[in-house]
Number of protein chains: 2
Amino acid sequence: MDTTINKTIRKGSADKRGKIMAAARDLFLSEGFDRSSVDAVAAKAGVSKRTVYDYYGDKQNLLLAVVEETSSAVLVMIEQGISDHLRDFEDLEQSLILFCEQIVASANGSSDYMALIRLVMVEAANLPDSFLERLDNAKEEGIIRRFTEFGQTGLLDVPDPQMAAKHFAALTFLLAFNQPRKTGTWGDEQTKRMITEGVRVFLRAYAPRTG
Amino acid sequence: MDTTINKTIRKGSADKRGKIMAAARDLFLSEGFDRSSVDAVAAKAGVSKRTVYDYYGDKQNLLLAVVEETSSAVLVMIEQGISDHLRDFEDLEQSLILFCEQIVASANGSSDYMALIRLVMVEAANLPDSFLERLDNAKEEGIIRRFTEFGQTGLLDVPDPQMAAKHFAALTFLLAFNQPRKTGTWGDEQTKRMITEGVRVFLRAYAPRTG
DNA sequence: TACAAACTACACTGTACGGTGTAGTATAGC
DNA sequence: GCTATACTACACCGTACAGTGTAGTTTGTA
């Protein structure tokens, strides 16, 4: 989707555009939308404030672009995790753990899932119809597909793959993300243990029935 | 803790104080801290802006009071849910479901857990040392105690009650709260189903070993 | 009724910020 | 060199809002 305003579409450097996006993303995700001034975004991007307005029209539109870009990054990251760990593997438990760890680890970059959710929730009123819902559904899709297959091959007992995906997410990264982080980043030992335990509980509940 | 500023402690109407608190709570939780002006709080409380400042000193301090009050309300609400459903019961599954439904239902009032979490997360930088952590721990305590007992009486197999409490919360209300809500409130059929399924998965994973 | 505390109404200050307008500079293609 | 486009620097406007000061009004109480 094109999020630029009509009046002035700069053709030239997609470079500047990228720098503005990155700066806005960093600031919005860490400081929040209201607390980030356009002046600050411009300064961080190494660009004049006027250029920001020439590219994105107004602050609202910039937010929209940031949310779209970050959503996309999050989805790509999840897809990557699936490719890396849930296509070919030997130990299901170990693979699920690695998958989660990769997701959680990547939340300290341009695809911070939790920061995005927070931003979208707070700013929901000013965003087009339920961005959150779309993101929420899209995020699950890949996992649902894998779980469906696991069900078919008898690796798991999943009568409702969508619900199973929700449960899996809840027990692992959702739990990790909702954990108060002291140091500012995830990835510590406690988080790893939480993921491991979450995966085990999931597998215990969704193990194939042996009867 | 007394959150009033020193200079003028009004003795008279704790009534006004309550009205200001309620107004600030409603506005901060629904609109967010930055988006709520002190003028709006005063108007909603039916009180002059000056009175707000006389009682609470500044906006920051008002936020602090709101967070403390709401935290307290949330904890009381959880304790109430435990008393109502997890002390004496016949069917564990049914009781856990009722417990969760009560928690989720009460999130449309003065003890909106999720709104509080959101507020504290966004405003974390301006709040005393990790309010979030304290709230997070306190919230689990009651549940941990119940699960510990369930473990002792053989109702569940819980080697680590704290982790079990986290898993339970994740599978039920955490999941429900993170669900995008369209209508503005929870409590619909989909939420009920999610709670039911979450409780079942929890019980499947933590059932006593029959071996 | 008299007095003090509680409270309101309101004017006012300072500041931060979204957004615009514009003159001037850099740059690339002709 | 000429010209158009991209961009900066900067002044500027309007507004929203935190917080204060104060004069005057209400209200509880002796």
Side-chain angles (χ1 to χ4, degrees), chain A residues 3-28 30-67 119 122-123 125-127, chain B residues 2-24 26-28 30-67 119 122-123 125-127:
Chain A
T3 59
T4 56
I5 205 93
N6 278 347
K7 62 177 182 181
T8 316
I9 303 179
R10 293 280 164 99
K11 306 155 199 165
S13 59
D15 172 55
K16 301 246 168 190
R17 177 173 286 271
K19 278 181 181 168
I20 296 172
M21 259 298 320
R25 195 220 309 120
D26 288 358
L27 284 174
F28 289 176
S30 65
E31 306 294 318
F33 180 68
D34 292 312
R35 290 209 198 288
S36 310
S37 70
V38 177
D39 292 87
V41 171
K44 183 151 193 166
V47 143
S48 85
K49 170 166 143 180
R50 204 62 183 78
T51 301
V52 174
Y53 280 99
D54 282 342
Y55 272 102
Y56 289 95
D58 62 9
K59 203 187 175 192
Q60 224 13 259
N61 206 49
L62 181 56
L63 170 65
L64 198 67
V66 164
V67 169
L119 183 64
V122 170
E123 235 57 43
N126 310 322
L127 286 171
Chain B
D2 190 354
T3 59
T4 55
I5 205 89
N6 279 346
K7 62 175 184 184
T8 316
I9 303 180
R10 296 282 164 100
K11 307 156 200 164
S13 56
D15 172 54
K16 301 244 167 189
R17 175 173 287 270
K19 279 182 179 167
I20 295 171
M21 261 297 321
D26 288 358
L27 284 174
F28 290 176
S30 65
E31 306 294 319
F33 180 68
D34 293 312
R35 289 208 199 290
S36 310
S37 70
V38 176
D39 292 86
V41 171
K44 182 151 193 167
V47 145
S48 86
K49 170 165 144 180
R50 204 64 181 76
T51 302
V52 174
Y53 280 99
D54 282 342
Y55 270 107
Y56 289 95
D58 61 9
K59 204 189 175 191
Q60 217 25 252
N61 205 47
L62 181 55
L63 170 65
L64 197 67
V66 164
V67 170
L119 183 65
V122 171
E123 235 57 43
N126 311 321
L127 287 171

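Values in this document were obtained by computation on a predicted structure and should not be read as measured data. Just so it is clear: chains get the letters A, B, ... in the order the sequence lines come, proteins before strands, and each one is counted from 1.
Scanning both residues, B/A42 and B/S48, for their nearest heavy atoms gives CB-C, 3.9 Å. The minimum heavy-atom distance linking A/K49 with A/V38 is given by the pair CG-CG1, 4.2 Å.
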Protein and nucleotides 12-18 of chain C: nitrogen or oxygen contacts under 3.5 angstrom:
unit_1 : atom_1 : unit_2 : atom_2 : d
C/dG18 : OP1    : A/K59  : NZ     : 2.7
C/dG18 : OP2    : A/V38  : N      : 2.9

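Per the geometry, CG belonging to B/L62 stands 12 Å off C1' belonging to D/dA18, to the nearest Å. Across the protein-nucleic acid pair, A/K19 atom NZ and D/dT8 atom C1' stand 14 Å apart, rounded to whole Å. At whole-Å resolution of the value, CG in A/D15 and C1' in D/dA6 are 13 Å apart. Atom pair A/Y56:OH and C/dG19:P shows a separation of 15 Å (rounding to whole Å applied). For A/R50 and D/dC12, the CZ to C1' distance is 12 Å, given to the nearest whole Å. The interatomic distance linking B/N126 (CG) with D/dA18 (C1') rounds to 14 Å, in whole Å. Atom CD of B/Q60 and atom C1' of D/dA18 are 12 Å apart (whole Å). Atom-to-atom, CZ of B/R17 to C1' of C/dA6 comes out at 13 Å; the value is rounded to the nearest Å.
Rounded to the nearest 0.5 angstrom, A/S37 OG and A/L27 CG are separated by 8.0 Å. A/M21 contributes atom CE, which lies 9.0 Å from atom CG of A/D26 (distance to the nearest 0.5 angstrom). For the atom pair OH (A/Y55) and NZ (A/K19), the distance works out to 11.0 Å, reported to the nearest 0.5 Å.
Contact between the side-chain N/O atoms of A/T51 and the OP1/OP2 oxygens of D/dA6 is not found at any separation under 4.0 Å. The side chain of A/K16 places no N or O atom within less than 4.0 Å of a non-bridging phosphate oxygen (OP1 or OP2) of D/dT5. For the OP1/OP2 pair of D/dC7 and a distance below 4.0 Å, the side-chain nitrogens and oxygens of A/Y55 include at least one atom meeting the criterion.
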Checking side-chain contact (heavy atoms from CB on, under 4.5 Å) for the pair B/L62/B/F28: CA distance, chi angles, key distance, verdict? CA-CA 10 Å; B/L62 181 55; B/F28 290 176; 4.2 Å; yes
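Contacts of B/S36 classified as side-chain hydrogen bond (donor to acceptor under 3.5 Å, both in side chains), with partners at least two apart in sequence or in another chain: none.
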